[in-house]
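I have placed the structure first, in the form of structure tokens, so that the comments after it can refer back to it.
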Amino acid sequence: MQAVPMTQVEIRDQFWEPRQQTNRVITIPHLFAQLERAGNIPNLLLASEGKREGYQGPVYMDSDLYKAMEAAAYVLALYPDDPIREQLDAVISILERAQTPEGYLNSYFQVIAPERRWQNLRDDHELYCAGHLIEAGVAHYEATRSERLLKIATRFADYIDSVFGDAPGKRIGYCGHPEIELALFRLYRTTGEKRYRDLARFFLVNRGKKLFAKEHGIPLDQYDGTIWQDNVPLVVHREIVGHAVRAGYLFAGATDLVAETGDSELLQMLCRVWENTIQRRTYITGGIGNEARHEGFTRDYELPNRTAYQETCASIALILWAHRMGLLLKEAQFFDALERALYNGALAGIGLDGKSFYYVNPLESDGTHHRQTWYACACCPPNIARLLASLGGYLYAQTESDLWINLYVESRVKVTLHNQPVVLQVQTNMPWQGTVEVQVVEGTPIEFRLHLRLPDWCAEPRLLWNGRTLRAEREKGYAVVRRRWRAGDRLNLELTMAPVMMEAHPRVEADRWHGAIQRGPLVYCLEAIDQPVALERMAFRSCRALRYRWEPNLLGGIGVVEGDALALDEDDAWGSQLYRPLAPRRQVVFRAIPYFAWHNRQPCPMRVWMPVE
């Protein structure tokens, strides 16, 4: 199935629409101001002027600008007159002047080290930066129909194609940070030029040949290419390893390749690595990457909380991969994972103010972990901005005869089924309430199958037609309703959203004898500011019911969960004793807020997992 483009979707809900507006009005202008201050834009200006000094920042600075440009393009797709157009056009003018006659474009190598071009594919991010330029070029063309940025992107892609490949005179290689593979498939789908698809395949099928060992003079018996997914050939992977963002992008690109070729061996690899990822190496918040040293993975079930890395970009990488797998296999499980990462791990990466960000998203904090307005490595802020701006493209999918609703967001969608236009409206207050109403609002009577995802967090969904229970067939995690639809038809899906105490697999040592709270797609956390005693002195009472309440004046309006806990005495109640007979515990009431909303009031300790009495 194909995703319904975001330009055919109008988001109207009270949860995501305000966030998209904040993203448009505050976040993206903030990004461009920071990119100017940090040197990303000035670096390219230096390249456009032929300068050889003055470069600021690490080697991959261009990529952060390109992601911000992609986010701005999505804004223009929905708001053609947005003021960001002027800034975007100004940057495109710089890029046009900076690009070399043969098509190369990278400010670091043009200003600092032109003689080192393509010499360190493992570390220098040249192809990674090119990939984000290509994605920005495609997004800008689709939004505006202007070919200016797309021409820059295609010229660079053509140059890369002249350097890398199997043909005589070309060289073998691939980037230490996958991304260009996704971009080339996207460029191929936009232009129809098969060379871009073939180049993406070339980069994918050659990965794992341990070229970085040769590039850096490392004997093969001493080489470990795991961090770059250069340890084994692509089809041999059995688990997700190495750098989390690199891994997510690599497998997303491999999914694109399967969609084009139907390669069954590659698909089998993707399914077993997906199973390993979701069943053994993903946090309850939907994030991936448990350790800081390599920003990636260690071993199965090792999911520490305070030292959890769970980079915002890694949650986004999982979303990109999950979306592609869901479209390829038409299975709801992939959108379950996407939804979990979206509402929790990824969304926590940006503050409610729209201009403060997390790079690292722990599941426990002593109160010293803070969002920042920018980072020296600023990959996450523009990445979350492009995700929020393009959210409409993740909600629906279709074939010629079927329509899928994959995420429940209040919205209006226009599609063509059986060559007939149809307009549907979805009304819901997700994620706070579980009622979803689907109405056909425009279109001549037409028969098609509507697939409604049955989320894994709802044990007993109910489907209603005109107020009466409807028994629908189930297929790959979806309720499927086939009928001749007419304007005015209404279908209701009732999803139970009671708060639930969750536990982890016993092999997750960090969470053993602990519980976490989930309600619908949202994972909750406890902030010390809301509790009657310190977090380390409380334990959940597992036998008591959890209570949900809407708080309209808290954090912009959120649903909180309250429950009973047992509390240890304060220090002064012990006097000089070191030990004493076990004393009765005092019962207290705790309050939990959605994980995405933590650290938006004042710095204080936070925990997702709490001991359970």
Side-chain angles (χ1 to χ4, degrees), residues 15-16 18-20 22-23 26-27 244-245 248 282-290 292 295 303-320 322 337-375 378-388 391 394 407 431-432 502 516-530 535 554-561 592-609:
F15 186 85
W16 287 111
R19 285 167 171 78
Q20 286 195 310
T22 298
N23 190 51
I26 296 176
T27 305
V245 182
T282 301
Y283 282 97
I284 192 171
T285 46
I288 55 174
N290 62 289
E295 299 185 319
L303 295 166
N305 293 310
R306 182 168 293 196
T307 60
Y309 206 71
Q310 196 184 215
E311 183 182 340
T312 300
C313 281
S315 293
I316 295 170
L318 183 65
I319 287 169
L320 296 176
L338 189 162
E339 180 184 65
R340 180 179 292 272
L342 174 66
Y343 278 95
N344 301 288
L347 191 56
I350 184 168
L352 297 180
D353 61 3
K355 54 184 179 182
S356 58
F357 309 92
Y358 277 145
Y359 190 110
V360 177
N361 293 273
L363 278 73
E364 180 179 338
S365 170
D366 62 1
T368 60
H369 186 72
H370 311 304
R371 291 186 180 88
Q372 299 180 29
T373 57
W374 204 245
Y375 291 87
C379 52
C380 296
N383 216 1
I384 190 67
R386 69 173 182 150
L387 174 66
L388 292 174
L391 181 63
Y394 292 86
L407 294 178
W432 309 121
M502 306 290 289
I517 296 168
Q518 180 173 332
R519 181 179 182 271
L522 296 179
V523 174
Y524 279 68
C525 69
L526 276 67
E527 284 195 294
I529 188 176
D530 296 317
L535 291 177
L554 179 63
L555 295 165
I558 61 169
V560 302
V561 173
I593 65 169
Y595 175 75
F596 74 76
W598 81 281
H599 201 309
N600 280 283
R601 290 173 288 177
Q602 68 182 48
C604 66
M606 178 278 296
R607 293 182 68 165
V608 170
W609 291 95

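With C525 as the fixed residue, the side-chain contact (heavy atoms from CB on, under 4.5 Å) test singles out one of W609, F596, W598: W598. The residue from T282, N361, T285 that alone fulfils the side-chain hydrogen bond (donor to acceptor under 3.5 Å, both in side chains) condition with Q310 is T285.
You'll find the side chain of Y358 stays beyond 4.5 Å of the side chain of E311, heavy atoms only. Looking at L555 and R601, their side chains come closer than 4.5 Å, going by heavy atoms from C-beta outward. With contacts defined as side-chain heavy-atom distances shorter than 4.5 Å, the pair P381/W374 qualifies. Looking at heavy atoms from C-beta onward, D353 lies out of side-chain contact with N600 at the 4.5 angstrom threshold. The side-chain heavy atoms of L407 and E339, taken from C-beta on, include a pair separated by under 4.5 Å. In this structure, L526 and M606 have side chains that are not in contact, with every pair of non-hydrogen atoms separated by 4.5 Å or more. Contact annotation: the side chain of R519 approaches that of Y524 to within less than 4.5 Å [non-hydrogen atoms, C-beta and beyond]. Using a 4.5 Å cut-off on side-chain heavy atoms (C-beta onward), D366 and E364 make no contact.
Under the 6.0 Å cut-off for aromatic ring centres, Y309 and Y283 do not qualify, their centroids lying 6.0 Å or more apart. The six-membered or imidazole ring of H599 lies near that of H370, with a centre-to-centre distance under 6.0 Å.
Counting only distance, with no hydrogens or angles, the side chain of N290 and the backbone of A308 share no donor-acceptor pair below 3.5 Å. A distance-only check finds no donor-acceptor pair linking the side chain of T373 to the backbone of S356 [under 3.5 Å]. Judged by distance alone, with hydrogens and angles left aside, the side-chain atoms of N344 form no donor-acceptor pair with the main-chain N or O of A341 at under 3.5 Å. With hydrogens and angles ignored, the 3.5 Å screen pairs no side-chain donor or acceptor of N305 with any backbone N or O of L363. At least one donor-acceptor pair closer than 3.5 Å links the side chain of Y375 to the backbone N or O of Y359. Using a distance-only test at 3.5 Å, with no hydrogens or angles considered, a donor-acceptor pair links the side chain of R371 to the main chain of A348.
When all heavy atoms of I558 and P594 are compared, the closest pair comes out as CD1-CD, 3.8 Å. The two atoms that bring A516 and I284 nearest to each other are CB-CD1, 4.1 Å, heavy atoms only. Nearest approach of A385 to N23, heavy atoms of both residues: O-ND2, 3.1 Å. Closest of all the heavy-atom pairs between P603 and G367 is CB-O, 3.7 Å. Taking every heavy atom of both residues into account, A346 and I319 meet most closely at CB-CD1, 4.1 Å. Heavy-atom minimum distance, S315 versus G287: OG-CA, 3.5 Å.
By the 6.0 Å and 45° rule, R19 stacks over the aromatic ring of F15.
Within the model, atoms CG of L352 and OG1 of T22 stand 8.5 Å from one another, a figure rounded to the nearest 0.5 Å. Going from atom CD1 of I350 over to atom CG of L388 covers 6.0 Å, rounded to the nearest 0.5 Å. Interatomic distance, CD1 of I316 versus CG of N383, reported as 4.0 Å (0.5 Å rounding). Taken from CG in L391 to CG in L342, the straight-line distance is 6.0 Å, to the nearest 0.5 Å. Atom OH of Y595 is separated from atom CG of L522 by 13.0 Å, given to the nearest 0.5 angstrom. In this structure, the separation between SG on C313 and CG on L318 is 13.0 Å, given to the nearest 0.5 Å.
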Evaluation steps, side-chain contact (heavy atoms from CB on, under 4.5 Å), between W16 and L347: CA-CA 11 Å; W16 287 111; L347 191 56; 4.0 Å; yes
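Taking 4.0 Å as the cut-off between side-chain N and carboxylate O, E527 and R607 do not count as a salt-bridged pair.
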